[in-house]
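These notes concern the structure reproduced below.
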Amino acid sequence: MDELSGLFASFVRPHWRRLHLVARRYAAGEEDARDLVQETLMRAWRGFSPTEERTYRLAWLFVIMRNIATEWHRAASRRVRLVSSCDNELTDLAPIDLQERLAPLPNLEERQFREFLRAQLSTALDKLDDPFREVVLLSVAGGLSYRQIAEVLDCPVGTVMSRMARARRALREGLADFARQEGLMRSERS
Amino acid sequence: MRCGDVHEYLFAFLDNELDAPLSIEVQRHLDRCPHCAREVEIERAVHKEMVRAFDGGYVEPPFDAAVVTACVTENPETAQSDIALQAPVHTPARASSPTVVSRRRRWWPPIGLAASLGIAAILYQPWAPSPAPRYDRFAMLVAADFEHFLEEGQPLQVVSGSATEVAEWLSEQTGVSAVLPVLGEQEGRLIGGRRCKIGGAPAAFAIYEIGGTSASLVVMDAEGVTFEGMEQFTEQGRRFWGERCDAHTIVACRRGDQVYAAASDLPRELLLRLVVD
């Protein structure tokens, strides 16, 4: 392995886990997820240049991964679970007042609250619309900053901030609905 | 700042994405508004569980130098390419890369076997299976600790972007009073910290992300620490020590009766930011 490929390997290694955590959510199965990571690395290597700063960035790897997932989705060659676009940001998504209070959650003691979250959060996340789920995925699993997410999604940082706020509010709404169904809170809808 | 404003900025605040003045305003409101402070605590708990939901105890395939080697061997050209940063690709890449199709699946086990038989050992020794190395030099101890952190999938004990909060926690937990650098928005961000031991001595460990790359900062008592084997250099009139250990860059300096040491895959020039006063 020459110096350049050693440099590339050094760049990739710290992001190994994050690449897999995100790929698992883009692809529909474990094997597809691993293939997605493989394909991402191969394309990243083709474009890698030690003199080009952008090719050292984590966001760059996720841009590539997202492009591949999009290709697979369009070609219908693989099952892809999460492909969103920035295009419908303001038109299709329902308007929401970000200054409104957040949906209330049950007033439980710490351990019980944690158990409630642990039981319901995955389902609530899966129920989010794709554009919301993707920003949360890139932030939480991918470890990207808003600026990096903006680079991946090719949209302004303000859009990422807005989308993230809406995503987390929607998550709260979902959790509140579960709590009401479980009888942990009185329903506010009569 | 009113409660409505805090609701609007709440998640950006929690994600350490607000600029300092706005962040301070939000914090001031939280200090006097128990309702908003409670919302922050709830969302911190939700975020923590989200991390767990995405992580789910998942064990990724072991990083295998041969995997990367295979990529490199198959695509030796390093032509500049704008593939990565273009808008969604219109031409399916597989059609133009038959080698990709032929290697699509089931190559992990044979490549992994090849690696274990010595490809990685010959071509890239730091990742080859090897006898336990002698981590008795300071630089190697710091590098090993950083490596352990990377391989364990970030076992942080305090997750926060606030240098004050993390430093206070580390001081309580380790007895080490560290002054953690506050990076500018363009430079990077603090992720969190944990207790650690370097050579058996308690140390404060903080993890940063600089340009998307992890970098650790270890702070500990200087007693008994030597920079044996490290290269001494001067920067901004201060004396530092540096070394490359196991493919990681280590930079260290003395500050009073403490040692500050940073480890990362970043170049030395970027890593200095963490140890400079």
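A, B, ... follow the sequence lines: proteins, then strands. Residue 1 opens every chain.
- Contact annotation for B:D5: both backbone and side-chain heavy atoms come within less than 4.5 Å of a heavy atom of chain A.
- When each of A:R147, A:E110, A:E30 is checked for heavy-atom pairs under 4.5 Å with chain B, A:R147 comes out on top.
- Judged by distance alone, the side chain of B:E17 and the main-chain N or O of A:Y146 form a donor-acceptor pair under 3.5 Å.
- When all heavy atoms of A:L102 and B:E39 are compared, the pair lying nearest together is CD1-OE1, 3.8 Å.
- Of the two parts of B:V59, only the backbone, made up of N, CA, C and O, holds a non-hydrogen atom closer than 4.5 Å to a non-hydrogen atom of chain A.
- Heavy atoms closer than 4.5 Å to chain B are found in both the backbone and the side chain of A:V136.
- Taking every heavy atom of both residues into account, A:R17 and B:Y58 meet most closely at NH1-O, 2.7 Å.
- Using a 4.5 Å cut-off between heavy atoms, B:L266 makes no contact with chain A at all.
- Between chain B and the residues A:S122, A:S139, A:A165, A:A167, the largest count of heavy-atom pairs under 4.5 Å involves A:A165.
- Contact of B:H248 with chain A is not made at all, since no heavy-atom distance falls under 4.5 Å.
- Within the model, atoms CG of A:L58 and CD of B:E209 stand 6.5 Å from one another, a figure rounded to the nearest 0.5 Å.
- One finds the OG1 atom of B:T213 at 14.0 Å from the CZ atom of A:R13 (value rounded to the nearest 0.5 Å).
- Listed for the A:R101 side chain is no donor-acceptor partner under 3.5 Å among the backbone atoms of B:H7.
- Inter-residue side-chain proximity for A:V37 and B:E60 is flagged as unmet; no heavy-atom pair is nearer than 4.5 Å.
- Smallest separation of non-hydrogen atoms from A:G143 and B:R189: O-NH2, 2.8 Å.
- Counting heavy-atom pairs closer than 4.5 Å to chain B, the top residue among A:V157, A:L21, A:L144, A:L105 is A:L21.
- From A:F113, atom CZ reaches atom CD of B:E49 across 9.0 Å, with rounding to the nearest 0.5 Å.
- Only the side chain of B:E185 comes within contact range of chain A, with heavy atoms under 4.5 Å apart.
- A:T40 meets the side-chain hydrogen bond (donor to acceptor under 3.5 Å, both in side chains) test with no other residue; sequence neighbours excluded.
- No other option in A:R118, A:M164, A:Q148 has as many heavy-atom pairs under 4.5 Å with chain B as A:R118.
- Exactly one of A:R166, A:R169, A:M161 qualifies for a side-chain contact (heavy atoms from CB on, under 4.5 Å) with B:F11. That residue is A:R169.
- B:H47 and A:V140 get closest at one heavy-atom pair: NE2-CG2, 4.0 Å.
- Atom-to-atom distance recorded for B:I42:CD1 and A:L175:CG is 10.5 Å, nearest 0.5 angstrom.
- Rounding to the nearest 0.5 angstrom, the gap separating the NE2 atom in A:H15 from the CZ atom in B:F63 is 10.5 Å.
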**OP:** Evaluate the side-chain contact (heavy atoms from CB on, under 4.5 Å) criterion for residues A:R168 and B:V46: first the C-alpha distance (whole Å), next the side-chain angles of each, then the deciding distance (0.1 Å), finally the verdict.
**Re:** CA-CA 9 Å; A:R168 309 270 274 272; B:V46 171; 5.9 Å; no
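- When every heavy atom of A:P14 is checked against every heavy atom of B:D265, the shortest pair comes out as CG-OD2, 3.1 Å.
- In terms of the side-chain contact (heavy atoms from CB on, under 4.5 Å) criterion, residue partners of A:Q181 (sequence neighbours excluded) are, by chain and number, A:D177, A:F178.
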